[in-house]
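Reminder, nothing fancy here: chain letters follow the sequence lines and each chain counts from 1.
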2 protein chains.
Amino acid sequence: MKQAHHPELDEISLTAVMAALSDPIRVGLVRLLADGREHGWGELRAPVAKSTLSHHLRVLRDAGITRTRQEGTRCFVVLRRDDLETRFPGLLVAVLAAAECDGVGGQVGLAAHAE
Amino acid sequence: MKQAHHPELDEISLTAVMAALSDPIRVGLVRLLADGREHGWGELRAPVAKSTLSHHLRVLRDAGITRTRQEGTRCFVVLRRDDLETRFPGLLVAVLAAAECDGVGGQVGLAAHAE
DNA sequence: CCAGTTGTTCGATGTTCGTCAAACTACGAA
DNA sequence: TTCGTAGTTTGACGAACATCGAACAACTGG
């Protein structure tokens, strides 16, 4: 499990961000992460196989939307809210609001237990 | 040339909009249309075949981002700015600003002549 | 009616994407 | 070391996509 690459601020491309946010599951994940807290992989509940979830998390990470941290065998993911805001002001907020309004990503949830 | 279908306000889905805006050429087209004016098909200059351009214009139309009007053999396209603003407030503005900032879609231009 | 202009539609092709199962890696506990 | 947990990588598959050239349809002008 090598440490993953995270794009720098100026390496974040708009089309990559848009493409990453054009999948309902990934939008759902971003909505969960929008609380600003760090979430464990195991908390995330999505109707896909774990390899698929890993794939989605990778797409989000590669697009510069999230940051992944490892701690032992667990890994934690957090939204790069400030970075996104710096790079593309207002974009994330607008997408988040639009997702609420549209109900996209409702299929994604959090496990019952608290962190 | 049958009249194309345009989605109603509440038929516009976020993922469709995001997917449509994840292609540099389509972002470039939207940037051109951001002046609010109606543009003729023939004005649009993009480094793709005309069938491909037609395809992109259709994706934008199907996503509810643009509206196409026919007049004889010509057709004109305009941004559905107000509709988008109503459905997803702030989204289009943020994407447009981000596109400026990122320089996406610079390959798309307008023909020299005025309308 | 015939030819030119304008844009759409139709295969065809190569690429990317979402998805899964299975194999793999890394760490912690017994 | 051996087992189990946590997450990644790989390989495969069908679906969707971007792209093109060519055929087609609709209108306009001789």
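No donor-acceptor distance shorter than 3.5 angstrom exists from the side chain of B:Ser54 to the backbone of B:Lys50, with no hydrogens or angles considered. Listed for the B:Arg61 side chain is no donor-acceptor partner under 3.5 Å among the backbone atoms of B:Thr68. Between the side chain of B:Arg81 and the backbone N or O of B:Ala34, at least one donor-acceptor pair lies under 3.5 Å.
Inter-residue side-chain proximity for A:Leu92 and A:Val17 is flagged as unmet; no heavy-atom pair is nearer than 4.5 Å. B:Val108 places none of its side-chain heavy atoms less than 4.5 Å from the side chain of B:His56.
As a whole-Å value, the separation of A:Met18 CE from D:dC17 C1' is 17 Å. As a whole-Å value, the separation of A:His55 NE2 from C:dA21 P is 16 Å. Straight-line distance from the CD1 atom of B:Ile25 to the C1' atom of D:dT19: 9 Å, rounded to whole Å. As rounded to whole Å, 15 Å separates atom C1' of C:dG7 from atom CD of B:Glu71. Note: CG (A:Asp62) to P (C:dC17) measures 11 Å, nearest angstrom. Look at CG on A:Leu57: it is 17 Å from C1' on C:dC17, rounded to the nearest Å. Rounded to whole angstrom, the span from the CG atom of A:Leu29 across to the P atom of D:dG7 amounts to 14 Å. Look at CG on A:Leu21: it is 15 Å from P on C:dC17, rounded to the nearest Å.
Sequence order on DNA chain D of the closest nucleotides to A:Arg58 and B:Ala19 puts A:Arg58 first from the 5' end.
Residue contacts shown for A:His56 are limited to sugar-phosphate atoms, with no base heavy atom under 4.0 Å away.
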Between the protein and nucleotides 21-24 of chain D, are there any N/O to N/O pairs under 3.5 Å, and if so, what are the atom names and distances?
unit_1, atom_1, unit_2, atom_2, d
D:dG21, N7, B:Ser51, OG, 3.4
D:dG21, O6, B:Ser51, OG, 3.0

Table of protein N/O atoms under 3.5 Å from nucleotides 27-30 of chain D N/O atoms:
none

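Of the side-chain N and O atoms in A:Arg26, one or more sit less than 4.0 angstrom from OP1 or OP2 of C:dG18.
Under 4.0 Å is where a charged nitrogen must lie from a carboxylate oxygen, and between B:Arg58 and B:Asp62 at least one such pair does.
Residue B:Leu21 is tested with B:Leu91, B:Val95, B:Val104 for a side chain to side chain contact (heavy atoms under 4.5 Å, CB included); the sole match is B:Val95. Across A:Arg67, A:Arg69, A:Arg80, a single residue satisfies salt bridge (charged side-chain N to carboxylate O under 4.0 Å, His left out) together with A:Glu38, and that is A:Arg69.
Between D:dG7, C:dT19, C:dT8, one nucleotide has an atom nearer to the side chain of B:Ser54 than all others, and that is C:dT8. With distances taken from any side-chain atom of B:Trp41 to the nucleotides C:dT8, D:dT19, D:dT9, the minimum falls on C:dT8.
Distance check: B:His5 NE2 to B:Glu11 CD gives 5.0 Å after rounding to the nearest 0.5 Å.
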